[in-house]
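Sequential numbering from 1 along the given sequence is applied to the chain's residues.
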Amino acid sequence: MEGKEEDVNLGANKYSERQPLGTAAQTQEKDYKEPGPAPLFEPGEFVSWSFYRAGIAEFMATFLFLYITILTVMGVKDSEDVCTASVGIQGIAWAFGGMIFCLVYCTAGISGGHINPAVTFGLFLARKLSLPRAVLYIVCQCLGAICGAGVVKGFSSSQYEGNGGGANTVAHGYTKGDGLGAEIVGTFVLVYTVFSATDAKRSARDSHVPILAPLPIGFAVFLVHLATIPITGTGINPARSLGAAIVYDNSHAWHDQWIFWVGPFIGAALAAFYHVIVIRAIPFKSRH
């Protein structure tokens, strides 16, 4: 009996509980390292190829994003019966969400896979990237969006113009305040998902989180589109709205353009504040 008891004790010591419960879990040392804030200005970035490579990746990703999504919108609007002869609103939402999923997966290791000035702005406020990199990303995203929409228009200019060019406008029956609110909340959902999916703490404790990060981000885009396409056509991405507006060049689209910049930037700022200050309380933690 003594031998068996020793074996039990040996086994208990050898295979100790790895995930303590309750207050014991809170007293454990961190199993991750909290990333420090990115410098506001880093001169060394300008002589680094990775800096420019990241900008090119953002350009190409946003170009492909606009190309596929605007083509999908054109196909739906060109159909006589939206419900039976085309993919419909659900298909448009899947096109936007699916492309974000694919492109974030492809570019996350190069540029972070922002593909959206609002995401870049939110991450900049959270000190996840420097000011020069944020400016480079936003410029490249806007240029890529213009080129993507331009290629779609090149296929059939008359069809493009007749179907609204995929430009974002506030729908009839809604006020500009309604549109602004929809863009703020929609962008908050997206950017908050980005913060949660890429959180350093979750990545350290769940090794599968970094691999799956593009999935919830793409799904968030899909759900927001389902909800707000009837209101604004769903912007939540200033580059997407600007690219379509420039190529379409319609006065109504330009009248509402400010909504698709102010709304997403406010939503991104609120999401950054909520995640960094409320959820993670990073400014209040002591760094060792």
Side-chain angles (χ1 to χ4, degrees), residues 57-73 92-104 107-108 111-125 134-135 137-150 152 164-170 179-195 197 214 216-229 231-248 253 256-272:
E58 287 294 312
F59 171 88
M60 283 301 301
T62 316
F63 168 82
L64 295 173
F65 178 62
L66 265 289
Y67 172 74
I68 295 296
T69 55
I70 298 300
L71 266 181
T72 304
V73 172
I92 294 175
W94 274 120
F96 278 90
M99 279 303 292
I100 289 297
F101 169 71
C102 294
L103 295 170
V104 170
T107 60
S111 65
H114 296 191
I115 322 169
N116 185 335
V119 172
T120 300
F121 180 66
L123 293 173
F124 168 71
L125 291 180
V135 172
Y137 280 15
I138 292 175
V139 170
C140 290
Q141 290 157 1
C142 291
L143 291 176
I146 295 169
C147 293
V152 174
N168 290 119
T169 57
V170 178
L180 182 63
E183 290 296 306
I184 291 173
V185 176
T187 310
F188 179 92
V189 172
L190 170 59
V191 178
Y192 177 46
T193 303
V194 170
F195 275 110
I217 295 171
F219 201 64
V221 172
F222 164 70
L223 292 174
V224 172
H225 274 75
L226 281 183
T228 60
I229 281 177
I231 304 174
T232 62
T234 309
I236 68 171
N237 185 334
R240 172 259 187 273
S241 301
L242 179 67
I246 287 178
V247 176
Y248 181 48
D256 293 340
Q257 184 64 201
W258 67 272
I259 294 173
F260 302 101
W261 283 85
V262 175
F265 274 42
I266 292 176
L270 292 174

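- Looking at Leu103 and Leu64, their side chains come closer than 4.5 Å, going by heavy atoms from C-beta outward.
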Candidate pair Phe188 and Val224, rule side chain to side chain contact (heavy atoms under 4.5 Å, CB included), full reasoning | CA-CA 10 Å; Phe188 179 92; Val224 172; over 6 Å; no

Contacts table for residues 257-267: side-chain donor-acceptor under 3.5 angstrom, sequence neighbours left out:
| unit_1 | atom_1 | unit_2 | atom_2 | d |
| --- | --- | --- | --- | --- |
| Gln257 | OE1 | Leu242 | N | 3.4 |
| Gln257 | OE1 | Trp261 | NE1 | 3.0 |
| Trp258 | NE1 | His255 | O | 3.4 |

Where do Asn116 and Val194 land on the side chain to side chain contact (heavy atoms under 4.5 Å, CB included) test, with the steps shown first?
-> CA-CA 11 Å; Asn116 185 335; Val194 170; over 6 Å; no

Run the numbers on Thr234 and Arg240 for side chain to side chain contact (heavy atoms under 4.5 Å, CB included), then give the verdict.
-> CA-CA 10 Å; Thr234 309; Arg240 172 259 187 273; over 6 Å; no

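- Tyr137 contributes atom OH, which lies 15.5 Å from atom CZ of Phe59 (distance to the nearest 0.5 angstrom).
- The minimum heavy-atom distance between Val247 and Gly150, with the atom names listed, is CG2-N, 3.7 Å.
- Across all non-hydrogen atoms, the minimal contact from Gly165 to Ala244 is O-CB, 3.8 Å.
- Panel note: side chain Glu58, backbone His114; a donor-acceptor pair is recorded below 3.5 Å.
- The distance from atom CD1 of Ile217 to atom CZ of Phe195, rounded to the nearest 0.5 Å, is 11.0 Å.
- Thr232 contributes atom OG1, which lies 9.5 Å from atom CG of Asp256 (distance to the nearest 0.5 angstrom).
- Here the closest non-hydrogen pair linking Val152 and Leu66 is CG2-O, 4.4 Å.
- Rounded to the nearest 0.5 Å, atoms CD1 (Ile231) and OG1 (Thr169) are 12.5 Å apart.
- Of all the heavy atoms in Ala239 and Thr62, the pair that sits closest is CB-CG2, 4.4 Å.
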Going through the distances and angles, do Phe124 and Phe121 end up as a ring-ring contact (aromatic ring centres under 6.0 Å, His included)?
-> CA-CA 5 Å; Phe124 168 71; Phe121 180 66; 7.1 Å; no

Stepwise, does the side chain to side chain contact (heavy atoms under 4.5 Å, CB included) test hold for Phe65 with Asn237?
-> CA-CA 11 Å; Phe65 178 62; Asn237 185 334; 3.8 Å; yes

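- Rounding to the nearest 0.5 Å gives a distance of 10.0 Å between CD1 of Ile229 and CG of Asn168.
- Counting only residues at least two apart or on different chains, no side chain to side chain donor-acceptor pair (under 3.5 Å) pair has a member in residues 64-73.
- How far OH of Tyr248 is from CD1 of Ile70: 12.0 Å, rounded to the nearest 0.5 Å.
- Taking every heavy atom of both residues into account, Thr107 and Gly113 meet most closely at OG1-CA, 3.1 Å.
- Smallest separation of non-hydrogen atoms from Val73 and Gly166: CG1-CA, 4.2 Å.
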